[in-house]
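Just so you know, these numbers use all the heavy atoms, side chains as well, and skip hydrogens, waters and symmetry mates. Count residues from 1 along the sequence. Every value quoted in this text rests on a predicted model; they were computed, and no experiment measured them.
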Amino acid sequence: MSRLSAPFWEAILSSLQPLVNLPKYSRGELQDVSLEGLTGQLLADLRIRLLDLRNSNKLLNYTHSDRAKTQVRIIDAQPDFLHECLTSGKSLSFRPLPEPEGELPDERSDAFLMALDEARRLDPAWIALGQEEEDVTSDKSLRLDRTIRDRVRSEMGLPPAKGGRLASIADWARLNGIEPTFDLPHPVIDEDESDDADKEIQTLLLPDNLQGKLAGVLDETRTAQQEMGVNLLHLAIGFLEWVETPQAEKSMIAPLLLYPVELDRKPMKAKGQYRYYLRGDAEPMINITLLQRLAQDYNLIVPPLEEGDTAESYMARMTKVIEGLPRWRVRRFSTLGLFSFSRLVMFNDLAPERWGG
């Protein structure tokens, strides 16, 4: 083992202290410092510095945005169904919400039609249109009809509509039998999703919006691949909602498991429309940046991803780790987006077990 004189170590350590976190040694302790030991401490400190532990890092503080063209959120899918597909090379396609066409479904009920007929019969403007023999398909008639329908909807306690469409995407989803929450459903005993023949995953987007978002994700993925030579596209399953202190005004969310995936598309019959496919065949990665932040600031030790772990089992373990922390919880979100891991490769390469530290 290499040992050098105390004056030599004093000179070396005084120059390194401003750059890295090293313990302060007394002159007597310096006699026992080895070159190998100091190298190990230097590498350990530099390894931590590879991780961006600031709140601005989206691996610690991810922002979901309806307007962002680089992310798509998944709803109404079992996490372990996604896990099984994306670790075994099975392709998944994306399903939009139905495009609203013609009358809203809840305006076809007998109760609504009876109330609408009564409202038209009592509405002076509608009566006047009839006296003027106005074409019922004219813009003027259609606008008035929509106004009367909206009034009837309000009186019946139905979700508000705008221009013949429900004003809320959430209400439109519910009307089509889709629960619009971003928290994925919990497992159902004896339910087998492996028989899902079409392998479609539901989104909370209308067809044109879904096309635009997926096109944006694909363009950004290809650009990153060309410029950086790496695939940044991942499907995140599970997010940790956390706060720096119990008094913090705003909570943050950080992805837990990240599945490397590829996105492809094939043209559909409609001009300019594509069907997008998601595929993955690798095991997920845990968010090492989050784990390091939790260990450093909160002394929370998160178990590593073990063989046989699934999205459900890992989220369950994470829930136990944060048990008792106010305003901390595991969210069952799933988001397709771009996540940068360039420094994490070096972080893993500098692990003590790899260099003998």
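Smallest separation of non-hydrogen atoms from Ala173 and Pro180: CB-CB, 4.1 Å. When all heavy atoms of Thr87 and His83 are compared, the pair lying nearest together is OG1-O, 2.7 Å. Scanning all heavy atoms of the two residues, the minimum distance from Pro98 to Leu206 falls at O-CD2, 3.6 Å. Across Leu60 and Asp52, no two heavy atoms sit closer than the pair CD1-O, 3.9 Å.
Taking CG of Asp183 as the reference point, atom CD1 of Ile75 lies at 11.5 Å (rounded to 0.5 Å). A distance of 13.0 Å separates CD of Gln78 from CD of Glu84, quoted to the nearest 0.5 Å. Considering CE of Met315 and CG of Leu184, their distance stands at 7.0 Å, rounded to 0.5 Å. From Asn209, atom CG reaches atom CZ of Arg67 across 12.5 Å, with rounding to the nearest 0.5 Å. To the nearest 0.5 angstrom, Arg327 atom CZ is 12.0 Å from Leu325 atom CG. The distance from the CD atom of Glu312 to the CG atom of Leu257 is 11.0 Å, given to the nearest 0.5 Å.
Proximity of Tyr276 to Leu278: side-chain heavy atoms (C-beta onward) are nowhere separated by under 4.5 Å. Within the 4.5 Å cutoff, the side chain of Leu336 has heavy atoms near those of the Phe94 side chain. Counting only heavy atoms from C-beta outward, the side chains of Trp172 and Ile178 never approach each other to under 4.5 Å. Between Arg120 and Leu116 the shortest side-chain heavy-atom distance falls below 4.5 Å. Side-chain contact between Trp242 and Glu244: present, with at least one pair of heavy atoms (C-beta onward) separated by less than 4.5 Å. The shortest distance between side-chain heavy atoms of Val330 and Ile322 falls below 4.5 Å. Put simply, the side chain of Leu82 does not reach to within 4.5 Å of the side chain of Tyr259, judged on heavy atoms. In this structure, the side chains of Leu256 and Met318 come closer than 4.5 Å at one or more pairs of heavy atoms.
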Practice prompt. Give the C-alpha distance, both sets of side-chain angles, the deciding distance and a yes or no for side-chain contact (heavy atoms from CB on, under 4.5 Å) between Asp106 and Arg153.
Written response: CA-CA 9 Å; Asp106 57 358; Arg153 294 184 69 85; 2.8 Å; yes
Practice prompt. Please test Arg275 against Glu200 for side-chain contact (heavy atoms from CB on, under 4.5 Å), starting from the C-alpha separation and ending with a verdict.
Written response: CA-CA 11 Å; Arg275 179 173 287 275; Glu200 286 188 324; 3.2 Å; yes
Practice prompt. Could you walk me through whether Gln273 and Gln211 pass the side-chain contact (heavy atoms from CB on, under 4.5 Å) test, one step at a time?
Written response: CA-CA 7 Å; Gln273 299 288 304; Gln211 288 281 321; 3.3 Å; yes
Practice prompt. Carefully, step by step, assess Leu233 and Arg222 under the rule side-chain contact (heavy atoms from CB on, under 4.5 Å).
Written response: CA-CA 9 Å; Leu233 188 63; Arg222 289 174 173 173; over 6 Å; no
Item to complete: Assess whether ring-ring contact (aromatic ring centres under 6.0 Å, His included) is satisfied between His64 and Phe239, documenting all intermediate values.
Response: CA-CA 12 Å; His64 286 109; Phe239 281 75; 5.3 Å; yes
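Following chains of ILVMFWY side-chain contacts shorter than 4.5 Å, one cannot reach Leu92 starting from Met268, and the two form parts of different hydrophobic clusters. Tyr277 and Ile74 are assigned to two separate hydrophobic clusters, defined by single-linkage of ILVMFWY side chains at heavy-atom distances under 4.5 Å. The hydrophobic cluster containing Leu144 does not contain Ile127, counting ILVMFWY residues as joined when their side-chain heavy atoms lie under 4.5 angstrom apart, directly or transitively. Residues Ile148 and Leu158 share a hydrophobic cluster, clusters being chains of Ile/Leu/Val/Met/Phe/Trp/Tyr side chains in contact below 4.5 Å. No continuous path of ILVMFWY side-chain contacts below 4.5 Å connects Met156 to Met114, so the two sit in separate hydrophobic clusters.
Here Asp171 pairs with Arg174 in a salt bridge; the nearest charged N to carboxylate O distance falls below 4.0 Å. Residues Arg121 and Glu118 are paired through a salt bridge, judged by an N-O separation under 4.0 Å between the basic side chain and the carboxylate. A salt bridge between Asp123 and Arg151 is present, with a side-chain N of the basic residue lying under 4.0 Å from a carboxylate O of the acidic one. With respect to Asp150 and Arg146, a salt bridge is recorded, a charged nitrogen being found less than 4.0 Å from a carboxylate O.
Both tests hold for Arg73 against Phe333: distance to the six-membered ring centre under 6.0 Å, angle to the ring axis within 45°.
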